[in-house]
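Because the structure is a prediction, the values reported are computed rather than measured.
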Amino acid sequence: QVQLVESGGGLVQPGGSLRLSCAASGDIFRRGAMGWYRQAAGKQRELVATLTSGGRTNYADSVKGRFTISRDNVKNTVYLQMNSLKPEDTAVYYCNCNDKTAGGATLYDYWGQGTQVTVSS
């Protein structure tokens with residue numbers, strides 16, 4: 001079975017930085033789009049950043065200029081570098097790997113179990 005394993009979450013002060021990692025099985029990692037999503041208490045799950053196998057990125061407006069998504073195809077790992085963290089960034093962060101057809105049909109859609117990020121002084 002495909003496994004996505006997130007790590008790197010924790011407690012950090014406002015203005016600090018964290019780097020999240022998500023390790024995936026190699027076959028789907030190399031083919032699919034990787035992404036980070038988050039869900040804060042009382043809020044819907046939202047897209048944070050995505051990175052396609054072709055290198056295209058997309059960021060939520062709330063994190064543009066502060067977060068960077070990247071991938072290492074040798075290590076089969078996607079990263080989310082989070083800088084200038086704010087209390088409102090507090091959430092459970094989920095790693096995602098998915099692929100769709102040109103017509104929009106889902107080929108696969110895998111999720112990790114999440115890692116908690118808490119930004120507080």
Side-chain angles (χ1 to χ4, degrees):
Q1 291 183 328
V2 174
Q3 290 183 302
L4 302 178
V5 181
E6 301 102 332
S7 62
L11 175 65
V12 65
Q13 295 183 1
S17 298
L18 286 173
R19 189 171 81 159
L20 306 183
S21 299
C22 175
S25 59
D27 55 344
I28 61 99
F29 180 85
R30 295 181 181 93
R31 293 165 50 200
M34 303 298 298
W36 289 97
Y37 294 74
R38 68 186 182 187
Q39 186 166 17
K43 296 184 178 180
Q44 295 181 333
R45 185 175 63 184
E46 65 176 346
L47 183 149
V48 177
T50 58
L51 175 62
T52 70
S53 60
R56 293 188 294 272
T57 59
N58 185 50
Y59 296 94
D61 288 342
S62 60
V63 307
K64 287 180 179 177
R66 299 189 297 120
F67 291 10
T68 303
I69 187 171
S70 62
R71 64 196 297 160
D72 186 331
N73 289 331
V74 174
K75 297 180 178 180
N76 297 334
T77 301
V78 63
Y79 303 97
L80 184 68
Q81 178 67 47
M82 304 184 293
N83 298 325
S84 301
L85 283 162
K86 305 174 181 179
E88 51 263 45
D89 294 318
T90 296
V92 177
Y93 284 71
Y94 297 92
C95 180
N96 172 260
C97 180
N98 71 86
D99 196 14
K100 298 181 182 296
T101 67
T106 299
L107 295 174
Y108 53 82
D109 189 14
Y110 300 113
W111 293 89
Q113 293 182 318
T115 184
Q116 176 71 47
V117 172
T118 302
V119 185
S120 176
S121 59

Criterion side-chain contact (heavy atoms from CB on, under 4.5 Å) on Ser17 and Val12, from CA distance to verdict: CA-CA 7 Å; Ser17 298; Val12 65; over 6 Å; no
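- Counting only residues at least two apart or in different chains, disulfide bond (SG atoms under 2.5 Å apart) contacts with residues 77-110 comprise Cys22-Cys95.
- One hydrophobic cluster, built from ILVMFWY side chains closer than 4.5 Å, cannot hold both Val63 and Leu47; they sit in different ones.
- The local environment of CD in Gln113 is sparse, with at most 12 non-hydrogen atoms from other residues, nucleotides or ligands closer than 6.0 Å.
- Checking side-chain atoms of Arg66 against main-chain N and O of Ser84 turns up a donor-acceptor pair under 3.5 Å.
- By the criterion of side-chain heavy atoms lying less than 4.5 angstrom apart, applied directly or through intervening Ile, Leu, Val, Met, Phe, Trp or Tyr residues, Val78 is grouped together with Val117 in one hydrophobic cluster.
- Phe67 has its ring centre no less than 6.0 Å from the ring centre of Trp36.
- Between the side chain of Gln39 and the backbone N or O of Val92, no donor-acceptor pair lies under 3.5 Å.
- Using a distance-only test at 3.5 Å, with no hydrogens or angles considered, no donor-acceptor pair links the side chain of Tyr93 to the main chain of Val48.
- Side-chain atoms of Ser21 do not come within 3.5 Å of backbone N or O of Ser7 as any donor-acceptor pair.
- Note that the CG atom of Asn58 and the OG1 atom of Thr50 stand 4.5 Å from one another [nearest 0.5 Å].
- In terms of heavy-atom proximity, Ala91 sits nearest to Arg38 at CB-CB, 3.8 Å.
- The one candidate from Val119, Thr68, Leu18 that meets the side-chain contact (heavy atoms from CB on, under 4.5 Å) condition with Met82 is Leu18.
- Proximity of a side-chain donor or acceptor of Thr77 to a complementary backbone N or O of Lys75 within less than 3.5 Å is detected.
- Pairs of residues two or more places apart, or lying in two chains, that qualify as side chain to side chain donor-acceptor pair (under 3.5 Å) and include a residue from residues 94-103 are Asn96-Asn98, Asn96-Asp109, Lys100-Thr106.
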Residues Asp61, Lys64; criterion salt bridge (Lys or Arg N to Asp or Glu O under 4.0 Å); working and verdict: CA-CA 5 Å; Asp61 288 342; Lys64 287 180 179 177; 3.0 Å; yes
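- Of the inter-residue distances, the one linking Ser53 atom OG with Met34 atom CE reads 11.0 Å to the nearest 0.5 angstrom.
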CA sep, side-chain torsions, deciding dist, call: Thr90, Gln116, side-chain contact (heavy atoms from CB on, under 4.5 Å): CA-CA 8 Å; Thr90 296; Gln116 176 71 47; 4.0 Å; yes
